[in-house]
Amino acid sequence: MPELPEVETIANGLNRRVAGDRIESVWVSDKPEPLKSPAADISATLEGAQVERVQRVGKHIVFDLAPGRGPGRQWIVHLGMTGKLLVTVPETETEKHTHLVARLASGRELRFVDPRRFGRLEVRQSGFSGPGAEPLKIGVQEFARLFHGSKAPVKAALLNQKLLHGVGNIYADEALFRARVRPRRRANSLSQAELRKLHAGLLRVLKAAIAAGGSSVSDYVDADGEEGFFQIQHRAYGREGKPCVTCKTPIKKIVVAGRGTHYCPKCQK
DNA sequence: ATACCGACCTGTCAGC
DNA sequence: TGCTGACAGGTCGGTA
């Protein structure tokens with residue numbers, strides 16, 4: 001479900017709510033899919049650990065843990081399409097598809113819920129830096145270099161987490177719309193000017209979406225249960241058949257890299 | 001190396 | 001009303 005702006009919003013909300021709290025005990029479901037680390041490792045790492053802070057890396061939520069001795073460990077959560085991390089009181093009814101419950105010293109619970117089970121939970125030594133470059137930090141030069149070496153459609157390159165991490169289907173379409181570049185163009189066919197526009201468009205759309213609390217297309221909510229509002233600013237994603245905000249031409253929907261892809265056939269070259 | 005496609009899961013919605 | 005199929009914000013592994 002969530003891409004960079006949603007994960008950023010969730011991680012910031014979790015940081016506000018649970019940083020400094022201690023995990024007293026953990027329950028893990030017996031469904032194996034969401035676990036990248038063995039359940040016993042996850043429990044052993046989380047139990048007794050204090051949450052130092054929560055931050056976003058790519059589309060991952062990273063909990064820095066202070067176990068008290070030895071090198072720090074991290075709990076890394078990828079929400080997949082439908083994952084949620086909720087902070088609740090114990091009395092709140094446990095949702096269907098709850099896969100992990102961490103009981104906190106404050107008396108609250110941190111719960112991981114994921115109906116589709118595409119999300120992943122993992123514990124590891126500190127220092128996780130994600131699979132690719134960070135879109136909010138990368139300069140235009142490095143950005144251009146990433147795409148220069150790829151013959152893939154530029155949309156596929158944007159979605160490739162080993163190049164840039166954090167960009168998903170919505171913001172790839174939105175960035176390409178703002179850069180006026182067609183999603184099927186080969187990444188290495190973009191001119192320097194187009195790469196600059198793509199870099200700028202991506203930064204603009206990600207920052208605006210973070211400011212709006214992310215996009216709530218169906219059921220996304222942040223750590224406080226609040227919806228995001230960026231979906232009302234979408235110009236391409238989800239607007240098939242609707243008039244382009246620039247030229248009124250109907251937005252087209254095609255499939256690129258196996259994903260529904262929206263663009264303006266007139267504005268985007 | 002690259003790119004397409006199915007697989008992984010469940011829920012929802014449109015269409016019949 | 002109920003069934004079927006398509007589709008969904010993500011990623012991985014196999015194959016051509």
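We name chains A, B, ... by the order of the sequence lines, and we start the count at 1 in each one.
- Between the P atom of C:dA8 and the OH atom of A:Y237 lies a distance of 7 Å, rounded to the nearest Å.
- The separation of B:dC5 from C:dA6, taken at their P atoms, amounts to 15 Å, rounded to a whole angstrom.
- Within the model, atoms CD of A:E122 and OG1 of A:T45 stand 11.0 Å from one another, a figure rounded to the nearest 0.5 Å.
- Considering only side-chain N and O atoms, A:H78 lies under 4.0 angstrom from the phosphate OP1 or OP2 of C:dT11.
- If you take CZ of A:F118 and C1' of B:dC9, they are 5 Å apart, rounded to a whole angstrom.
- Checking the phosphate oxygens (OP1, OP2) of C:dC12, no side-chain nitrogen or oxygen of A:R120 falls inside 4.0 Å.
- Taking the six-membered ring where tryptophan is involved, the planes of A:H234 and A:Y237 are perpendicular, since the angle between them exceeds 60° and thus also 30°.
- At distances below 3.5 Å, at least one donor-acceptor pair connects side-chain atoms of A:K59 with backbone N or O atoms of A:V167.
- Mapping A:G149 and A:V255 onto DNA chain B via the closest heavy atom, the residue that lands nearer the 5' end is A:G149.
- Ring planes of A:H60 and A:F128: perpendicular class, angle over 60° (limits at 30 and 60°).
- Comparing C:dC3 with B:dC9, their P atoms sit 24 Å apart, to the nearest whole Å.
- Between A:K59 and C:dG10 there is a side-chain N or O to OP1 or OP2 distance below 4.0 Å.
- Note on A:S215: a base of the nucleic acid sits closer than 4.0 angstrom, heavy atoms only.
- Contact between the side-chain N/O atoms of A:K162 and the OP1/OP2 oxygens of C:dT11 is not found at any separation under 4.0 Å.
- If you take atom C1' in C:dA8 and the same atom in B:dA3, they sit 22 Å apart, rounded to whole Å.
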Nucleotide pairing, DNA chain C (Watson-Crick or G-U, distances under 3.5 Å), in dot-bracket with [ ] and |
.|||||||.|||||||
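- Take A:R16 and apply the side-chain hydrogen bond (donor to acceptor under 3.5 Å, both in side chains) test, not counting sequence neighbours, and it matches A:D224.
- The CZ atom of A:R116 sits 10 Å away from the P atom of B:dT10 (whole-angstrom rounding).
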